[in-house]
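Below, chains carry the letters A, B, ... as their sequence lines are ordered, and counting in each starts from 1.
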Amino acid sequence: MSQGVVQEKVTTALLSALDGARQKGQLKATAWPALTLDAPKRPEWGDLASTVAMSLASSEQKAPHDIAQIIVENLSQRDQIFDRVEIVRPGFLNLTIKPALWQEVLHEVGEQGTRYGQANIGTGRRVLVEYVSANPTGPLHVGHGRGAAVGQAVCRLLATIGYDVVGEYYVNDAGRQMKLLGASVYARYQELSGRTIDFPEDGYHGTYITAVAQQIRDQLDRVEGELTPRDLEARCRALAYQELLGLIRDDLKSFGIEFQSWFSEATLLESKAVERALDELKTRGLLFEQEGAWWFRSSKYGDEKDRVVRKQDGEFTYLASDIAYHHDKLRRGYDVLINVFGADHHGYIPRMQAVMQAYGHPKERLQVVLVQLVKLLRGGVEVKMSKRTGEFITMREVIDEVGADAAKFYFLMRDSTTHLEFDLELAKQRSADNPVYYVQYAHARICSLWRVASERGIARPSAAEADLTVLTDPDELGLIKKLSAYPEVIQASALAFEPHRVTYYLQQLAAQLHTFYNKHRVLPPATDQEHDETAAAEIVTSKRTAARLVLMGAVQQVLRNGLEVLGISAPEHM
RNA sequence: GCGCCCGUAGCUCAGUCGGAUAGAGCAUCAGCCUUCUAAGCUGAGGGUCGCUGGUUCGAUUCCAGCCGGGCGCACCA
């Protein structure tokens, strides 16, 4: 299921009307365009609108209005589904759905529970999502936080529509950065022992380096004298790596992110997988030697130029490891590879897609989700970040300051390809105004209803037990319509790798809930003193209470499901 | 110079497989708690959808050019 019950029935009805018209010779097209049902902006335009008639106009060589007319004439079960079917101006088909059909949505949500919104579009297909993959040379910073939030949400979205998803972290535990890390820690280590040595050029200056050096010093205290400087530096490198990777795991954990898989670059080199991957390219005639270096003929597949994979000095480039890594991903049998990249790596996309093609796969096998870097502000002033000078705001600091839920929601509020301004002072200072609380509050408010209801001995009925036909108020139907759109939001969001659509949807749903909550009562007043005092007040009968409790339960369920997809908690109290 | 991303309300941003009078939050102003959580609600003001052309019955959405901002163009990772 990828549509709500209502949308499904309407789509089916429209399609059979189109088919009926074709059989009668009124329409001639052999295939119909995708039937998308929009929720019109204005209430008088009905509940759902279709533009099929207009999009068929040119191919049918008929006026849109006439086509719409033909469709309407051929609608078979019209009275069971629609209250009103209107054709407007150029050829809009404005459909008003019977409340009874809308009420079915509540049965759907009630029966499916946490599964509401799931689909089987990706069933049987395996996806590998690689994200974060920060070098273990320092703590994660804010940009990684955004990548982590987006990567996790993409994983969960795809899993929700049926894909078999694995989230993987590629650990760059080999090469130059590791050597620099070791040398930097070693230098600090020596300083702690009262010896001064030249700090490596391009080394890591962050204070965490000294902290790590101190820890290593405590650990190596007894054996230090037995180690040669060379061994000592190697120990520094190994221990610093372990320490920093551990820090990264901890940071991710406190951010609520868990990877199913950690993949080490070093293992590719040790197992000669890099050589093998390159050999395969050589066999395919895609590797050539020039000026003492080996090149990958990526320009053959649309890259702007060929790329070095093995340098004159015999060392592999980073790209060589990456080729082997992606070769390995393909070997592991994933149908789709998704890489969540920082936008500063966008130039890397063509050569990675060239790798796909070099191994005989369509370039679409690799999909890239670009995440723009976060522009960090503190009190309106931009904070420049650089690992080299060690001055940057870590992801940990952000989590500590604004909380994991708020940070995630913030990261997932906008399209990941756009720049994100993140003002720490603002986020801290107005933390109660953060939109995440708005959504969570809607959820907590409903939970509060359950508590009060139970105190008063009011039972919470299932959708089947309640008489839902009393739900005819526009606000009630409005909420139901919103709930019925959820499956499509999830599907569209997943297929486009755009979690922010879910965030946006949740804000809208929460807004409708808050409006409803302020305007209507679910439970009858505690004291039955003055029902008559406010003449306009609606009478909350037990029947109405029962139906509204079902409605509230459905809203709560969808809020929870949506937050779950985003990796954000749905608190019961606030 | 070439390539990618972005340009929508004072600010931060949604919306665009082409559709009917372009939306939200923040900020500003005016209101709403003796009743289910006011972390909430109601109302008001605020727009040449960067500019110019093109395609179309219809363009904020697609195409081209230009302007402005960001990023990338290593035998670094």
Just by protein heavy atoms under 4.0 Å, how would nucleotides 15-24 of chain B read 5' to 3' in B, S and -?
S-B-BBB---
When the C1' atoms of B:rA74 and B:rC62 are compared, how many Å lie between them, rounded to an integer?
37 Å
Assign A:V452 to base, sugar-phosphate, or nothing according to its heavy-atom contacts below 4.0 angstrom with the strands shown.
sugar-phosphate
Whole-Å distance separating the CD atom of A:E455 from the P atom of B:rC36:
11 Å
Show which side-chain atoms of residues 452-459 of chain A pair as donor or acceptor with protein atoms under 3.5 Å away, not counting sequence neighbours.
residue	atom	partner	partner atom	Å
A:R456	NH1	A:P524	O	2.6

The criterion is salt bridge (Lys or Arg N to Asp or Glu O under 4.0 Å); which residues satisfy it with A:R544, sequence neighbours excluded?
none
Taking only residues two or more places apart in sequence, or in another chain, which ones meet A:D303 in a salt bridge (Lys or Arg N to Asp or Glu O under 4.0 Å)?
A:R307
Between A:H514 (NE2) and B:rC32 (C1'), how many Å, whole number?
16 Å
Quantified in whole Å, what is the P atom distance between nucleotide B:rA39 and nucleotide B:rC4?
49 Å
Answer yes or no on whether A:R310 is positioned over the face of A:F316, meaning its NZ or CZ is under 6.0 Å from the six-membered ring centre and within 45° of the axis.
yes
Sequence neighbours excluded, the answer for salt bridge (Lys or Arg N to Asp or Glu O under 4.0 Å) partners of A:E289 is none
Quick one: is A:T418 getting a side-chain N or O under 4.0 Å of the B:rU12 phosphate, OP1 or OP2?
no
Could you work out, with side chain to side chain donor-acceptor pair (under 3.5 Å) as the rule, every residue matching A:Q61, not counting sequence neighbours?
none
Whole angstroms only, please: what is the CG-P distance between A:L506 and B:rA14?
16 Å
Give every pair of a protein N or O atom and an N or O atom of nucleotides 42-44 of chain B that lie under 3.5 Å apart, one pair per line with the distance.
residue	atom	partner	partner atom	Å
B:rU42	OP1	A:T515	OG1	3.1

At 4.0 Å (heavy atoms only), tell me whether A:H520 reaches a base, stays on the sugar-phosphate, or touches nothing.
base
Sticking with atom P, work out how far B:rG18 lies from B:rC2, rounded to a whole angstrom.
29 Å
Expressed as a whole number of Å, how far does the C1' atom of B:rC51 sit from that of B:rG68?
11 Å
Rounding to an integer number of angstrom, what distance separates B:rG72 and B:rC63 when you compare their C1' atoms?
25 Å
Could you run down nucleotides 71-77 of chain B 5' to 3' and tag each one B, S or - for protein heavy-atom contact under 4.0 Å?
BSSSBSB
What heavy-atom pair brings A:L278 and A:L287 nearest, and what distance separates the two atoms?
O-CD2, 3.4 Å
Distance alone, cut at 3.5 Å: any donor-acceptor contact between the side chains of A:N339 and A:H326?
yes
Distance, rounded to the nearest Å, where A:Q512 contributes CD and B:rC41 contributes C1':
14 Å
Run the side chain to side chain contact (heavy atoms under 4.5 Å, CB included) test against A:L247 and tell me which residues pass, sequence neighbours left out.
A:L244
Calculate the interatomic distance between A:F409 atom CZ and B:rC13 atom P; express it in whole Å.
15 Å
Please classify B:rC5 as syn or anti, treating any glycosidic angle within 90° of 0 as syn.
anti
Separation of B:rC5 atom P from A:F341 atom CZ, nearest Å, is 15 Å
Where RNA chain B forms runs of at least three Watson-Crick or G-U pairs (i with j, i+1 with j-1, under 3.5 Å), the stems are B:1-7 with B:67-73, B:10-13 with B:23-26, B:28-32 with B:40-44, B:50-54 with B:62-66
Taking the six-membered ring for Trp, are A:Y486 and A:Y505 ring centroids under 6.0 Å apart?
yes
Between A:H419 and A:R414, does a side chain to side chain donor-acceptor pair (under 3.5 Å) hold up when you go through it step by step?
CA-CA 9 Å; A:H419 296 270; A:R414 292 87 183 263; over 6 Å; no
Polar contact flag, side-chain donor to acceptor under 3.5 angstrom, A:Q372-A:T417
no
For the aromatic rings, using the six-membered ring if either is Trp, is the centroid distance between A:Y170 and A:Y325 under 6.0 Å?
yes
Separation between the C1' atoms of B:rG15 and B:rA22, rounded to whole Å
8 Å
Could you state the CD-C1' distance from A:E421 to B:rA14, rounded to the nearest angstrom?
16 Å
Name the nucleic acid region contacted by A:Y517, choosing base, sugar-phosphate or nothing; use a 4.0 angstrom heavy-atom cut-off, strictly under.
base
Residues in side chain to side chain contact (heavy atoms under 4.5 Å, CB included) with A:A68, at least two apart?
A:A53, A:I87, A:L93
Is it possible for you to check whether A:K282 lies under 6.0 Å from the centre of the six-membered ring of A:W294, through NZ or CZ, and within 45° of that ring's axis?
yes
Provide the distance between the two P atoms, one in B:rU42 and one in B:rG3, to the nearest whole Å.
49 Å
How many whole angstroms separate atom CD of A:Q353 from atom P of B:rC4?
13 Å
Taking only residues two or more places apart in sequence, or in another chain, which ones meet A:K179 in a salt bridge (Lys or Arg N to Asp or Glu O under 4.0 Å)?
none
On the nucleotide B:rA38, are OP1 or OP2 found under 4.0 Å from the side-chain N or O atoms that A:R445 carries?
yes
Please give the distance between the P atoms of B:rG7 and B:rU12 as a whole number of Å.
13 Å
